[in-house]
Amino acid sequence: MHYITGVPELKEICCVSCGGKEFINENGKRVCAYCNTAYVTSTATTTIAIRSDIEMLLAKCKADPRKAAKYANLILDIDPGNKEAHKYLQKGVGGRRRRK
C-alpha cells in the first residue's frame, strides 16, 4: 500500500508500479485501474484552538508587562469583549489604549 499526501484531486498522480494514470476510488482508497496497486490518500488539516491561544497570550501579558498592550491587542482581535485583555490596556497598566 502506498500513501499519497496533499490534495490528490488537484494534482496528477502516477502509479509507481506500472505508470498508469487511471484510478478507481474504492473504500477510501485509490486503486490503479491497471495493476490494482492501492493508494491511501490523506489531506493536511489545521486546527485553531482559540481558547488556548487567548490563554497563552494572557500568560505573556503577565510575564512581560512591557509588551502587555501588544498581547492584549492580539487577544482583542480574537475576542473583542475579553475583560482580562481590557485590563492590560487601561491607563497605567498597559501604557496605552487600543485604537478604534
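Heavy-atom basis, side chains included; hydrogens, waters and symmetry copies ignored.
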Q) Got a sec, which residues hit side-chain contact (heavy atoms from CB on, under 4.5 Å) with E22, two or more places apart in sequence or on another chain? A) A33, Y34

Atom pair [atom1] ([X]) and [atom2] ([Y]), whose distance is rounded to the nearest 0.5 Å:
| X | Y | atom1 | atom2 | answer |
| --- | --- | --- | --- | --- |
| I78 | R51 | CD1 | CZ | 13.0 Å |
| I75 | K70 | CD1 | NZ | 12.5 Å |
| D77 | L57 | CG | CG | 10.0 Å |
| I54 | D79 | CD1 | CG | 4.5 Å |

**Q.** D53 vs L74 side-chain heavy atoms within contact, under 4.5 Å
**A.** no

Q.
Using a 3.5 Å distance criterion without hydrogens, assess whether the side chain of N73 forms a donor-acceptor pair with backbone atoms of A69.
A. yes

Q) Okay, side chain of H86, backbone of P80: is any donor-acceptor separation there less than 3.5 Å? A) yes

Q: Would you please name every residue forming a salt bridge (charged side-chain N to carboxylate O under 4.0 Å, His left out) with E84, sequence neighbours left out?
A: K87

Q: List in chain and number order the residues that pass salt bridge (charged side-chain N to carboxylate O under 4.0 Å, His left out) with K62, two or more places apart in sequence or in another chain; answer none if no residue qualifies.
A: none

Q) Which of these passes side-chain contact (heavy atoms from CB on, under 4.5 Å) with V31: N25, T37, N36? A) N36

Q. Testing C14, S17, C15 for side-chain contact (heavy atoms from CB on, under 4.5 Å) with C32, which one passes?
A. C15

Q.
Are Y71 and Y88, when compared by the centres of their aromatic rings, separated by less than 6.0 Å?
A. no

